[in-house]
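Input: a single structure, listed below in structure tokens.
Residue numbering restarts at 1 for every chain, and letters A, B, ... go by the order of the sequence lines. These numbers come from a predicted model, not from an experiment.
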Amino acid sequence: MVMSSKTAISPRRDQDYPNWYQEVIKNGDLAENSEVRGCMIIKPWGYTIWENIKNELDCKFKETGHQNAYFPLFIPLKYMQKEAEHVQGFAKECAVVTHHRLVQDEQGKLIPDGKLEEPLVIRPTSETIIGETFSKWVKSYRDLPLLINQWANIVRWEMRTRLFLRTSEFLWQEGHTVHSTQAEAQQETLQMLQVYKSFAEDYLAMPVIAGKKSESEKFPGAVDTYSIEAMMQDRKALQSGTSHFLGQNFAKASNIKFLNREGAHQYAWTTSWGVSTRLIGGVVMTHGDDNGLVLPPRIAPVQLVILPIFKDSEERKKVFDYIEKINHEIKNTKFFNQEILTEIDDREIRGGEKKWQWIKKGVPLILEIGMKDIANNSVALIRRDDQDLKRVFIPRDKFLSEISGLLEDIQNKMYKRAFQYQKNNTRIIDQWNEFEKFFTPVQADKPEIHGGFARSLWCGELQCEEEIKQLNVTIRNIPLGAKPESGVCIKCGKPAKLRVIFAKAY
RNA sequence: CGGGGUGUAGCGCAGCUGGAAGCGCACCUGCUUUGGGAGCAGGGGGUCGCUGGUUCAAAUCCAGUCACCCCGACCA
């Protein structure tokens with residue numbers, strides 16, 4: 001079939017970004033919508049990416065002293081009620097279980113029966129039930145710090161959903177820790193934020209801005225919420241991870257108390273932090289191009305795919321012999337101390353289509369091997385991060401000695417490109433009219449890609465924040481480590497010291 | 001909950017002035033092809049959302065009902 005457009009994905013990013021996103025996921029075989037409203041089916045290619053993310057993060061959590069545990073999916077209604085702000089924040093999006101069996105009516109239809117005394121809420125997050133548990137585990141300062149992580153699914157009944165970015169059910173990890181002092185809990189909060197930041201940058205090649213959330217954007221029940229914010233290619237911000245200092249709010253709500261060295265009862269200090277399958281959406285929108293997904297080598301399910309090219313069974317045998325040897329030698333080299341993940345695609349599909357499938361799946365390196373290569377003792381290599389997808393013929397031995405470096409180079413270039421994009425679309429703005437113009441599309445009916453991150457001064461008042469929201473722009477965070485400045489608020493003109501990130505967001 | 005729209009093959013759709021259920025993609029078989037997305041030939045696949053009504057005859061007309069989508073509201 002002749003493609004009507006030159007790119008593998010249609011529409012292109014500049015034509016219709018949200019639609020492009022959906023198409024990349026479909027063509028990249030990451031996930032699909034399920035029959036269950038708002039829920040997604042994560043397909044093997046997408047799930048392996050999640051497993052890779054999970055494995056790496058899990059190591060980092062353990063390196064920082066955390067242990068995994070598992071808590072119930074069902075939360076008794078009365079637990080939810082314990083922290084006032086928390087209830088308010090989640091009440092509107094809870095799935096509630098009210099019955100515990102099914103019976104058949106006269107027509108043979110199944111109907112719920114056996115009403116529960118107390119309804120159960122499917123966890124939208126686990127602060128409450130973990131808090132209840134921790135109150136039993138923590139008796140003495142000797143029990144602290146308590147550093148727990150859970151890998152789980154959670155449910156938030158969202159009105160509008162988008163694959164990976166916002167679904168009713170999603171996968172995540174939630175860390176929950178208890179500390180004897182405020183300072184230690186605050187340090188933990190920032191430490192895990194840093195773990196997220198370096199993971200996003202080193203593994204996902206996704207540059208992020210770490211900072212503190214404004215009062216209105218905080219996690220319900222938290223004292224302070226911190227986030228990492230990434231810029232997508234439509235220049236909108238994606239909150240990619242959060243870390244919360246919960247103060248003593250949940251300790252008081254769940255009665256987490258301990259005896260200190262002086263023998264006095266004291267409420268503990270807690271934190272929680274999480275990242276989710278949303279990160280995959282972030283990878284798609286940070287690196288994807290008009291030919292589909294582009295995966296950072298460090299989380300790619302397959303780092304190099306080998307495509308055999310032959311005409312008949314005689315050639316087939318020769319090509320496969322050559323390929324097997326090369327594959328074996330590739331496996332003897334390492335990438336970040338791990339065996340390079342290769343796949344020989346021997347499916348009986350025509351070569352061109354096969355290649356494009358891998359391009360759309362974002363595999364970092366594609367190797368084509370045919371009779372020419374055997375004759376020349378070479379390989380044909382395509383780099384996925386090369387916009388033109390040029391085929392380069394290089395000597396076999398040269399390729400083998402360079403493969404690890406090639407993957408590293410792809411990883412680094414992907415980060416640099418994304419970093420440059422973020423930088424190019426971040427502006428210091430100190431005039432309201434410039435701010436307004438920055439965030440207003442030229443075509444009102446069909447907005448083009450516009451805006452970005454505005455670093456502007458803010459007085460700290462909720463009212464200004466609310467007024468700016470009229471533009472669909474919110475404070476993403478207040479970057480950490482910023483030098484104090486004196487100036488005036490972008491909106492009201494009153495004295496301001498905080499330079500914050502304003503952006504449209506997912 | 002308001003405003004608009006759509007339900008026909010796995011997906012995307014046509015058919016809608018009533019008269020034998022179709023097209024494209026995907027799938028299967030064969031032959032020819034194979035380093036930028038193959039060609040030809042053949043083939044499989046349907047409770048036309050559901051219920052009722054009008055009619056000799058309903059995917060088509062009418063009524064009801066259910067589901068989903070888009071724009072608001074809500075949420076980030």
Euclidean distance for [atom1], [N] against [M] (whole angstrom):
N: B:G7; M: B:G12; atom1: C1'; answer: 14 Å
N: B:U47; M: B:A9; atom1: C1'; answer: 13 Å
N: B:C50; M: B:C11; atom1: P; answer: 15 Å
N: B:A21; M: B:U60; atom1: P; answer: 13 Å
N: B:U33; M: B:A67; atom1: C1'; answer: 46 Å
N: B:G4; M: B:G64; atom1: P; answer: 15 Å
N: B:C13; M: B:U32; atom1: P; answer: 38 Å
N: B:A58; M: B:A63; atom1: C1'; answer: 15 Å

Check the distance between [N]'s [atom2] and [X]'s [atom1] and give it to me in whole angstrom.
X: A:Asp345; N: B:U34; atom1: CG; atom2: P; result: 19 Å
X: A:Ile349; N: B:U34; atom1: CD1; atom2: P; result: 18 Å
X: A:Arg350; N: B:U32; atom1: CZ; atom2: C1'; result: 11 Å
X: A:Lys311; N: B:U32; atom1: NZ; atom2: P; result: 14 Å
X: A:Lys355; N: B:A38; atom1: NZ; atom2: P; result: 11 Å

Sequence-distant partners of [X], salt bridge (Lys or Arg N to Asp or Glu O under 4.0 Å), two or more places apart:
X: A:Asp16; answer: none
X: A:Glu32; answer: A:Lys43
X: A:Glu93; answer: none
X: A:Arg350; answer: none

Discussion item. A:Lys317: which residues meet the side-chain hydrogen bond (donor to acceptor under 3.5 Å, both in side chains) condition with it, sequence neighbours left out?
Written reply: A:Asp321
Fill in: All side-chain hydrogen bond (donor to acceptor under 3.5 Å, both in side chains) counterparts of A:Gln150, not counting sequence neighbours
A:Ser126, A:Glu174
Can you tell me the Watson-Crick or wobble partner of [N], both distances under 3.5 angstrom?
N: B:G64; answer: B:C50
N: B:G72; answer: B:C1
N: B:A9; answer: none
N: B:A58; answer: none
N: B:C27; answer: B:G43

Practice prompt. Go through residues 364-377 of chain A and report each residue with a non-hydrogen atom lying under 4.0 Å from RNA chain B, sorted by number.
Written response: A:Glu368, A:Gly370, A:Met371, A:Lys372, A:Asp373
Under 4.0 Å between a side-chain nitrogen and a carboxylate oxygen: does that hold for [X] and [Y]?
X: A:Glu465; Y: A:Lys469; answer: no
X: A:Asp409; Y: A:Arg383; answer: yes
X: A:Lys218; Y: A:Glu85; answer: no

Which part of the nucleic acid, if any, lies within contact of [X], taking any heavy atom under 4.0 Å across all strands shown: a base, the sugar-phosphate backbone alone, or nothing?
X: A:Lys469; result: nothing
X: A:Phe393; result: base
X: A:Asp388; result: base

Worksheet item: Relative to the 5' end of RNA chain B, which residue comes earlier, A:Gly38 or A:Trp356, by the nucleotide with the nearest heavy atom?
Response: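 Whichever sits nearer the 5' end wins; that is A:Trp356.
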Taking only N/O atoms, report every protein-nucleotides 7-13 of chain B pair under 3.5 Å with atom names and distance.
none

Distances under 3.5 Å between nitrogen or oxygen atoms of protein and nucleotides 73-76 of chain B:
residue	atom	partner	partner atom	Å
B:A76	O4'	A:Arg166	NH2	3.0
B:A76	O2'	A:Arg166	NH2	3.3
B:A76	O2'	A:Tyr506	O	2.8

Discussion item. Test of understanding: with side-chain contact (heavy atoms from CB on, under 4.5 Å), list the residues that count as partners of A:Ala503, not counting sequence neighbours.
Written reply: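 Partners of A:Ala503 under the side-chain contact (heavy atoms from CB on, under 4.5 Å) test: A:Ala237, A:Phe453, A:Arg476.
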Worksheet item: Excluding sequence neighbours, so at least two apart, what forms side-chain contact (heavy atoms from CB on, under 4.5 Å) with A:Asp289?
Response: A:Arg13, A:Asn291, A:Val294, A:Arg384, A:Gln387
Item to complete: Go through the structure and list residues passing ring pair (Phe, Tyr, Trp, His ring centres under 6.0 Å) with A:Phe502, not counting sequence neighbours.
Response: A:Phe435
Worksheet item: Taking C-beta and beyond as the side chain, do A:Trp458 and A:Ile490 meet within less than 4.5 Å on heavy atoms?
Response: no
